[in-house]
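Here's the structure we're looking at; comments come further down.
Start at 1 with the first residue, then count along the sequence. Just the heavy atoms: all of them, side chains too, but no hydrogens, waters or symmetry mates, feed the values below.
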Amino acid sequence: INGSIPPSDWTVTLDGWVASTQSNQLSSKGQIVANLDPLYTGIYVPQAQAALIREHPMLLCEYASHDVYADASILGASLQKGLSTLGNLSMTYTVPCDAQFTFGVVVGGQTFNVDHSNLIVPLDDGRCASSIEAWTDSSQTQYVLGSRFLCTLYLYATHIELENIG
């Protein structure tokens, strides 16, 4: 890899995504093309959208293709560049091991939530990390839904054409 993620044959158009903490909700509405790739461990999103797990709530952000409505944060979250599953390509947050938050993607008006056990990753030193990672390059707009997302869903794929997934 020369500093970027290679294209994937498996893509899906999302209607957005939703996340929530114990008392707050965050949503992104608008069409987003995401790569589904079980060879990647985490859930990789643009930096501005990974900010949902920062200590401070995000304000409304407007993007060319979609809007993000935010009033969510995970108290105690801390950005950690050295814990990423992709080396210097992404960064993750440590979160309290007992943090309660949800994350799901919306496809065809239906929300597919990631199982909570796949959102928090126990680390060897007793801390925990979020499986939602941010790209280190702030201009990166790609979404990759890796194995921590895919293992919570039953995926039925058709191969009528290479770019179709159903």
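For Pro96 against Ala77, the heavy-atom pair with the smallest separation is CD-N, 4.4 Å. The two residues Cys151 and Asn118 have their closest heavy-atom pair at SG-ND2, 3.3 Å. Residues Gly126 and Cys97 approach most closely at O-SG, 3.6 Å, considering heavy atoms. Nearest heavy-atom pair across Thr92 and Ser130 is OG1-O, 2.8 Å. Nearest heavy atoms, Phe112 versus Phe149: O-CE1, 4.0 Å.
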Worked verdict on Ser20 versus Thr102 for side-chain hydrogen bond (donor to acceptor under 3.5 Å, both in side chains): CA-CA 5 Å; Ser20 66; Thr102 64; 2.7 Å; yes
Begin with the C-alpha distance, continue with both residues' side-chain angles, and end with the deciding distance and a verdict on side chain to side chain contact (heavy atoms under 4.5 Å, CB included) for Leu14 and Val106. CA-CA 6 Å; Leu14 308 177; Val106 182; over 6 Å; no
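Taking CD1 from Ile120 and SG from Cys128, the interatomic distance works out to 6.5 Å, rounded to the nearest 0.5 Å. The CD1 atom of Ile43 sits 9.0 Å away from the CZ atom of Arg148 when rounded to the nearest 0.5 Å. Note that CD1 of Ile32 is 10.0 Å distant from OG1 of Thr13, once rounded to the nearest 0.5 Å. Interatomic distance, CG of Leu83 versus CE of Met91, reported as 12.5 Å (0.5 Å rounding). The line from CG of Leu150 to CH2 of Trp10 is 8.5 Å long, rounded to the nearest 0.5 Å. Between the CH2 atom in Trp17 and the CG atom in Leu145 there is a gap of 12.0 Å [rounded to 0.5 Å].
For Ser84, the side-chain hydrogen bond (donor to acceptor under 3.5 Å, both in side chains) test picks out Ser90, Glu133, with sequence neighbours left out. Not counting sequence neighbours, Asp98 has no partner by the salt bridge (charged side-chain N to carboxylate O under 4.0 Å, His left out) test. When the side-chain contact (heavy atoms from CB on, under 4.5 Å) test is applied to Asp124, no partner is found at least two apart in sequence or on another chain.
No continuous path of ILVMFWY side-chain contacts below 4.5 Å connects Val18 to Val114, so the two sit in separate hydrophobic clusters. Each of Leu119 and Val121 belongs to its own hydrophobic cluster when Ile, Leu, Val, Met, Phe, Trp and Tyr are linked at side-chain heavy-atom distances under 4.5 angstrom.
Considering only heavy atoms from C-beta on, Phe101 comes within 4.5 Å of Ile132 through its side chain.
For Thr85 and Tyr44, the side-chain atoms include at least one donor-acceptor pair closer than 3.5 Å.
A distance-only check finds a donor-acceptor pair linking the side chain of Gln47 to the backbone of Thr136 [under 3.5 Å]. Using a distance-only test at 3.5 Å, with no hydrogens or angles considered, no donor-acceptor pair links the side chain of Trp135 to the main chain of Thr141. Asn35 contributes no side-chain N or O that, together with a main-chain N or O of Thr11, makes up a donor-acceptor pair within less than 3.5 Å. Although no hydrogens or angles enter the test, the distance criterion places no donor-acceptor pair under 3.5 Å between the side chain of Gln31 and the main chain of Asp15.
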